[in-house]
Each structure stands twice: as structure tokens, then as C-alpha cells.
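Please read the structure below before turning to the comments.
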Amino acid sequence: MFQDTFAAEMANRVGSQVEVATDNNLIEGILSTVTTDLVLVIEVNSGYGENTNLYLSIDAINFVRFPAAA
């Protein structure tokens with residue numbers, strides 16, 4: 001039940017800067033896609049390399065933070 005509400009709230013914020021914490025990682029990037037099971041965060045590389053797409057299971061997320069725009 002909470003998972004559906006969590007996914008719906010995150011879906012409202014697609015395109016926002018996001019910080020997602022799991023047990024082992026803190027991922028910073030742009031929230032790209034949200035489904036009922038998965039979240040896609042794009043880590044933007046400020047250099048010449050390619051951006052990294054990270055697919056995260058909603059079950060693996062400990063918390064999400066939307067930093068204020070500077």
C-alpha cells in the first residue's frame with residue numbers, strides 16, 4: 001500500500017534533481033522514470049563521459065530527498 005503511494009508521489013516529481021539512498025549507496029541525479037516497481041535515476045556527468053542510467057527497485061530505497069534549487 002505504501003509502495004503505491006510512494007511511487008505515485010515520485011512520479012509527480014519526474015524531471016527533478018533527486019538524492020536516493022539505498023543500504024549501500026547515495027545516488028544523485030535526475031529522476032527520469034517511475035513505475036510501481038522501479039525508479040530510473042540519471043547520474044549526470046559534468047565531464048566528457050556519458051551519463052549513467054541507474055535502475056533502482058522501489059523496495060531497495062531507504063529515503064529520497066529533493067534538494068532545493070540553488
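Source: prediction; values computed, not measured. Only this structure's heavy atoms are used, side chains among them; waters, hydrogens and symmetry mates stay out.
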Where the side chain of Q17 meets the backbone of F66, is there a donor-acceptor pair that is under 3.5 Å apart?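 Flag not set: sc Q17 to bb F66 has no pair under 3.5 Å.
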Quiz item: Has the side chain of S16 got a donor or acceptor atom that lies under 3.5 Å from a matching backbone atom of V18?
Solution: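 No: the side chain of S16 does not pair with the backbone of V18.
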| Is the closest side-chain heavy-atom distance between E19 and I27 below 4.5 Å? |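 Sidechains of I27 and E19: no contact.
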Cluster question for you: counting only ILVMFWY and a side-chain heavy-atom cut-off of under 4.5 Å, with indirect links fine, are [X] and [Y] together?
X	Y	result
V14	I30	no
I42	V34	no
L26	L31	no
F63	F2	no

### Task
Go through R13 and V64 one step at a time and tell me if the side chain to side chain contact (heavy atoms under 4.5 Å, CB included) criterion holds.
CA-CA 11 Å; R13 296 175 180 249; V64 174; over 6 Å; no
**Apart from L38 itself, residues in the same hydrophobic cluster as defined by side-chain heavy atoms under 4.5 Å** =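 Answer for L38: none, a lone residue.
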Nearest heavy-atom neighbours spanning V41 and E28:
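What the structure gives for the nearest pair is CG1-C, 4.5 Å.
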Run the side-chain donor-acceptor check on residues 49-62: report pairs under 3.5 Å with partners two or more places apart or on a different chain.
{"unit_1": "N51", "atom_1": "OD1", "unit_2": "N45", "atom_2": "N", "d": "3.0"}
{"unit_1": "S57", "atom_1": "OG", "unit_2": "D59", "atom_2": "N", "d": "3.3"}
{"unit_1": "N62", "atom_1": "ND2", "unit_2": "T22", "atom_2": "O", "d": "3.3"}
{"unit_1": "N62", "atom_1": "ND2", "unit_2": "D23", "atom_2": "OD1", "d": "3.0"}

